[in-house]
Amino acid sequence: MIVAIDGPAGSGKSTVARGLAARLGFRYVDTGAMYRALTWLALERRVELEDERSLAELAHGNPISFEGDRVWIGGDDVTESIRGARIDRVVSAVARHPQVRAIMRDRQRELAEGGDAVIEGRDIGTVVCPEAEVKVFLVADSAERARRRQAERPEIGAEALATDLRLRDERDAAQMQPATDAETVDTTALTVEDVVERIERLVEARARA
């Protein structure tokens with residue numbers, strides 16, 4: 001079974017998807033981390049972030065892999081390296097290139113083919129895995145999303161984070177649409193456990209069906 005979890009930054013995708021995967025014994029695939037990993041490698045190898053062809057070649061030659069919660073690219077474990085502000089600032093510039101997205105989506109589908117996976121991102125239920133058995137779209141109000149991001153990135157000012165969220169939402173608007181058959185969950189006032197349990201019930205219902 002494939003569980004697709006989509007939503008904007010700060011909606012709780014990563015935390016919920018990781019917890020759900022652990023609960024179900026499924027693999028966890030963080031597609032956002034894949035773009036972050038490619039961005040990290042591009043910076044390390046001094047590839048211009050506006051050079052779509054070179055970035056696509058880099059992505060094709062260095063498929064991202066996961067080992068539990070660890071993220072690997074080019075032989076390096078980049079799990080911690082990809083979470084800094086340096087990557088935050090420029091990852092959208094890499095992810096917006098159509099050739100890069102095509103290669104990444106192919107890799108994401110490869111990772112999904114093994115089955116029993118929780119895959120989170122922004123267009124999993126609509127583009128990457130439209131046949132996913134369970135699709136969820138997480139939302140939260142902007143103030144709560146900014147608060148969560150502040151907790152994750154205390155080194156960045158609240159005003160700067162709010163601006164970053166707004167700009168990311170604008171950049172991601174084209175692919176930030178829930179699938180028509182997705183269950184929308186507003187996580188603003190819910191705990192992680194609440195959301196995980198709600199999705200787990202959807203998975204159980206689908207399995208029974």
Side-chain angles (χ1 to χ4, degrees), residues 3-24 26 28-37 39 69 71 79-80 82-96 108 117-129 132 134-205:
V3 181
I5 300 180
D6 292 309
S11 60
K13 295 190 308 296
S14 296
T15 305
V16 167
R18 190 180 295 111
L20 180 67
R23 180 84 66 90
L24 298 174
F26 283 15
Y28 166 54
V29 179
D30 178 355
T31 63
M34 296 173 72
Y35 288 102
R36 287 175 170 273
T39 302
D69 282 347
V71 186
T79 311
E80 280 79 35
I82 62 176
R83 297 300 176 184
R86 178 179 75 141
I87 305 299
D88 284 351
R89 285 192 293 267
V90 296
V91 63
S92 291
V94 172
R96 68 179 177 82
Q108 290 157 15
V118 178
I119 307 178
E120 58 106 334
R122 284 169 170 74
D123 58 0
I124 308 305
T126 53
V127 178
V128 177
C129 295
V134 175
K135 301 176 188 177
V136 179
F137 193 85
L138 302 184
V139 298
D141 69 40
S142 56
E144 176 61 17
R145 291 168 57 212
R147 186 195 67 77
R148 292 171 183 171
R149 298 296 284 179
Q150 181 73 58
E152 295 172 356
R153 301 281 193 276
E155 72 277 9
I156 304 176
E159 186 174 338
L161 270 174
T163 299
D164 177 64
L165 277 176
R166 178 177 57 80
L167 293 174
R168 289 183 66 181
D169 286 350
E170 291 173 358
R171 287 192 296 263
D172 294 339
Q175 66 258 27
M176 191 66 69
Q177 299 296 325
T180 56
D181 55 345
E183 179 88 8
T184 297
V185 179
D186 188 336
T187 68
T188 304
L190 299 177
T191 66
V192 172
E193 186 70 13
D194 289 337
V195 182
V196 169
E197 288 182 355
R198 184 174 297 190
I199 302 174
E200 186 178 22
R201 288 197 294 271
L202 293 175
V203 171
E204 291 171 350

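- Using a 4.5 Å heavy-atom threshold, the side chains of Val139 and Thr184 count as touching.
- In summary, Glu144 and Arg147 engage in a salt bridge, as defined by a charged side-chain N under 4.0 Å from a carboxylate O.
- The shortest distance between side-chain heavy atoms of Val94 and Val90 does not fall below 4.5 Å.
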Chi angles and distances behind the side-chain contact (heavy atoms from CB on, under 4.5 Å) call for Val136, Arg198: CA-CA 10 Å; Val136 179; Arg198 184 174 297 190; over 6 Å; no
Taking it one step at a time, do Thr79 and Asp69 satisfy side-chain contact (heavy atoms from CB on, under 4.5 Å)? CA-CA 8 Å; Thr79 311; Asp69 282 347; 5.7 Å; no
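- Rounding to the nearest 0.5 angstrom, the gap separating the OG1 atom in Thr15 from the CD atom in Glu120 is 9.0 Å.
- No donor-acceptor pair under 3.5 Å is formed between the side chain of Thr187 and the backbone N or O of Leu138.
- Of all heavy-atom pairs spanning Ala33 and Val71, the tightest one is CB-CG2, 4.1 Å.
- Pairing each heavy atom of Val203 with each of Val134, the nearest pair is CA-CG2, 4.0 Å.
- Atom CG of Asp141 and atom OG1 of Thr188 lie 4.0 Å apart (nearest 0.5 Å).
- With values rounded to the nearest 0.5 angstrom, Asp30 atom CG is found 7.0 Å from Ile82 atom CD1.
- Take Arg23 and apply the side chain to side chain donor-acceptor pair (under 3.5 Å) test, not counting sequence neighbours, and it matches Glu193, Glu200.
- Summarising the geometry, atom OH belonging to Tyr35 is positioned 5.0 Å from atom CD belonging to Gln108; distances are rounded to the nearest 0.5 Å.
- Judged by distance alone, with hydrogens and angles left aside, the side-chain atoms of Arg36 form no donor-acceptor pair with the main-chain N or O of Val91 at under 3.5 Å.
- Contact detail for Ala179 and Gly125: the closest heavy-atom pair is CB-O, 3.7 Å.
- Side-chain contact check for Thr126 and Asp123: no donor-acceptor pair (N or O, by modelled atom type) lies under 3.5 Å.
- Note that OG1 of Thr31 and CZ of Arg122 are 8.0 Å apart. Values are rounded to the nearest 0.5 Å.
- The two atoms that bring Ala140 and Gly10 nearest to each other are CB-O, 4.5 Å, heavy atoms only.
- Put simply, the side chain of Leu20 reaches to within 4.5 Å of the side chain of Val3, judged on heavy atoms.
- For Lys13, there are no salt bridge (charged side-chain N to carboxylate O under 4.0 Å, His left out) partners, not counting sequence neighbours.
- Taking every heavy atom of both residues into account, Val195 and Val185 meet most closely at CG1-CG1, 4.4 Å.
- Across all non-hydrogen atoms, the minimal contact from Phe26 to Ala117 is CD2-N, 3.6 Å.
- Atom OG1 of Thr39 and atom CZ of Arg89 lie 12.5 Å apart (nearest 0.5 Å).
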